Amino acid sequence: MADIRVNIAGLDMKTPVMTASGTFGYGLEFADLVNLSDIGAIIVKGTTLLPREGNDYPRMAETPSGMLNCVGLQNKGAEYFCQHIYPQIKDLQTNVIVNVSGSSPDDYAECARLIGELDKVPAIELNISCPNVRQGGMAFGVTTDGAASVVRAVRAAYSKPIIVKLSPNVTNIADIALAVEAEGADAVSCINTLMGMAIDIERRRPKLSISTGGLSGPAIKPVAVRCVWQVAKAVKIPVVGLGGIMTAADAIEFLMAGASAIEIGTANFIDPAVSVHVAEGISEWLDRHGCKSVQEIIGQVQ
Amino acid sequence: MTVSEVSFPNNRYVLLKLTDSQPLPDIRPGQFVEVLVQGSPSTFLRRPISINYVDRENNQLWLLVAMVGEGTKTLGQLSAGDKLNLVFPLGNGFSPVQQTGEEVLLVGGGVGVAPLLEYGKYLKAEGARPSFLLGARTKNDLLLLDLFRSIADVYITTEDASLGEKGFVTHHSILSEKRFDRIAVCGPKPMMVNVAKYAKQNDIPCEVSLENMMACGLGACLCCVEKTVRGNVCVCTEGPVFNINDLTWQI
């Protein structure tokens, strides 16, 4: 059996497969359907300093090989997370990473500081790329200055590993990656959703309550592979790849493009145990190709 | 699960009877399944379908599906022996029996009648007294009537008066003739809102089963939310059945 363990920014993971924020709840929702300890890391729902109600319904539209969502970071806030959710998930036998979002650099920093006090959360993923909130979110992720300002503020308030989740809705994603690397990010994950839109032609209005939303699913995979490839060539820190991964073959594409680990998002809605199936598939592929370790294929495509 | 029987109550609905080598898990009336639709390239997400009936004797689960889009039409092409991948049982379901002999009116329209069959069977078995009030455009749009009649009294309205009383369910004379202890309703939103209004005016506890668009069915994606007195909550995990007092409907 090939060795599929990886280490991202100091985090040891049993497999290179993580579950993406906003697609796997807090893990517990899936506990009856998949063995959580077989997942490399669970990145829990986007958390903000203060509670958020999110956007109005409808928040979702199915699209060709994917879906649009405009959930808008609905969550009960960092304090609620620390007091009520953390105690339920702290003993899961996997890495529990919290996805942190905000509407100003100070906001992000304070949220990260609160999460930083939780012993069993070894890292955060910094979401500077949510397309569904008016203030903050993607606004920071689309300029090098904006991205740098958030990472700088959070770096000063949080000492454990920071993974910065990048937006594909930019001219040059590698520039953004370099900007956050320079401010002390330990890794980057790419990509967040692509901004999209769908229209109900009978009602002659957008399908989503706020008109636009984030596109995810296999439809975005080629864009995501390209982003990972560009970013991996530009930065020295590890890259976590995501965007439309449904199968082990998809995951291997990302690894070859330069991702040191991958996240699975939308596919969790179709197969709740997909993260384990993909890890098994990676292992089988490596065995079949005579590879002793997953490290042998990471970044193989230059 | 394996498809054991496929039938068509009319040309827009398919009734799938599914079985499994394993005994079915505990299922509460009003719960639903998420079906993986295979063989339909345009169908990416699973489809949430309410559980129509649980036949313990034959270890069968029944799904009554309205064939409205590509995904559900593809389900109508299944035949006996085909496999179907389900995640279930999901959701909270209708309230259990509150007291022996209580009169419970189950109001349904369209494919919304589906979960009421199982709920009616359950209520009767647990010592309550269910009645059905089913509404449709014409008598041909009424589904599984014989099965409903085998469980309890069935009151009917049709818009063209082809069967039962003419009009909508809220026009039916039974509502002024008989006092019910509780109401449960599943159907098109305007129907549910009107029944909820009737219930509120007459001070009758009322539950509605919602069918907001869903992705995961597990409370993870937060797409199917409904506004409630507790804020936005997932219909898939906190519903699909809600007490009308918890909703923010203008009734």
Side-chain angles (χ1 to χ4, degrees), chain A residues 19-34 42 44-46 51-76 132 200 207-209 213-219 244 246 265-274, chain B residues 25-27 31 33-38 40-48 68-72 74 84-92 189 210-240 242 247-249:
Chain A
T19 56
S21 176
T23 66
F24 206 69
Y26 296 98
L28 304 169
E29 294 87 340
F30 287 69
D32 291 343
L33 303 164
V34 58
I42 295 172
V44 304
K45 176 68 192 161
R52 292 207 194 197
E53 271 300 305
N55 293 314
D56 283 347
Y57 178 87
R59 294 175 169 185
M60 189 274 286
E62 190 179 38
T63 57
S65 294
M67 59 178 275
L68 288 163
N69 88 81
C70 65
V71 171
L73 296 176
Q74 178 181 330
N75 79 100
K76 292 185 171 169
N132 298 323
D200 180 334
K207 286 187 177 175
L208 299 178
S209 63
L215 180 64
S216 64
M246 302 285 288
T266 307
N268 290 306
F269 304 157
I270 290 140
D271 174 10
V274 66
Chain B
D26 286 340
I27 294 169
Q31 289 191 301
V33 305
E34 279 264 43
V35 183
L36 185 67
V37 181
Q38 280 163 320
S40 168
S42 67
T43 308
F44 177 62
L45 298 166
R46 286 175 183 263
R47 293 294 183 263
V68 288
E70 284 301 317
T72 46
T74 304
L84 207 53
N85 180 320
L86 306 185
V87 176
F88 78 106
L90 301 170
N92 62 3
K189 179 98 181 257
L210 306 185
E211 49 172 20
N212 293 12
M213 254 189 309
M214 284 176 195
C216 71
L218 299 168
C221 71
L222 310 185
C223 289
C224 63
V225 291
E226 178 73 18
K227 272 207 178 94
T228 70
V229 292
R230 308 185 299 278
N232 285 327
V233 303
C234 286
V235 167
C236 65
T237 48
E238 308 226 2
F242 290 90
L247 300 176
T248 56
W249 291 1

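All figures in this text were calculated on a predicted structure; none of them were measured in a lab.
Crowding of Q74(A) atom CD: a count of heavy atoms from other residues, nucleotides or ligands under 6.0 Å exceeding 12.
Proximity to chain B is limited to the side chain of P272(A), based on heavy atoms less than 4.5 angstrom apart. For chain A, the nearby part of L36(B) is the side chain; its heavy atoms alone come within less than 4.5 Å. Contacts between D32(A) and chain B at a heavy-atom distance below 4.5 Å are absent for every atom of the residue. Within the 4.5 angstrom heavy-atom criterion, only side-chain atoms of P58(A), from C-beta onward, approach chain B. Of the atoms belonging to F30(A), it is side-chain heavy atoms, and not backbone ones, that fall under 4.5 Å from chain B. Heavy-atom distances place both the backbone and the side chain of T43(B) under 4.5 Å from chain A. Residue N85(B): no heavy atom, backbone or side chain, is found under 4.5 Å from chain A.
When all heavy atoms of L45(B) and E62(A) are compared, the closest pair comes out as N-OE2, 2.7 Å. Residues M213(B) and M60(A) approach most closely at CE-O, 3.5 Å, considering heavy atoms. Across T63(A) and F44(B), no two heavy atoms sit closer than the pair O-CB, 4.5 Å.
K227(B) contributes atom NZ, which lies 12.5 Å from atom OH of Y57(A) (distance to the nearest 0.5 angstrom). Between atom CZ of residue R46(B) and atom CG of residue D271(A) there is a gap of 7.0 Å, rounded to the nearest 0.5 Å.
Between the side chain of E53(A) and the main chain of N232(B), a donor-acceptor pair closer than 3.5 Å is present.
At a heavy-atom separation below 4.5 angstrom, chain A is approached by A215(B), C216(B), L218(B), G219(B), A220(B), C221(B), L222(B), C223(B), C224(B), V225(B) within residues 215-225 of chain B.
Chain B forms the most heavy-atom pairs under 4.5 Å with one residue out of V71(A), T23(A), I270(A), and that residue is I270(A).
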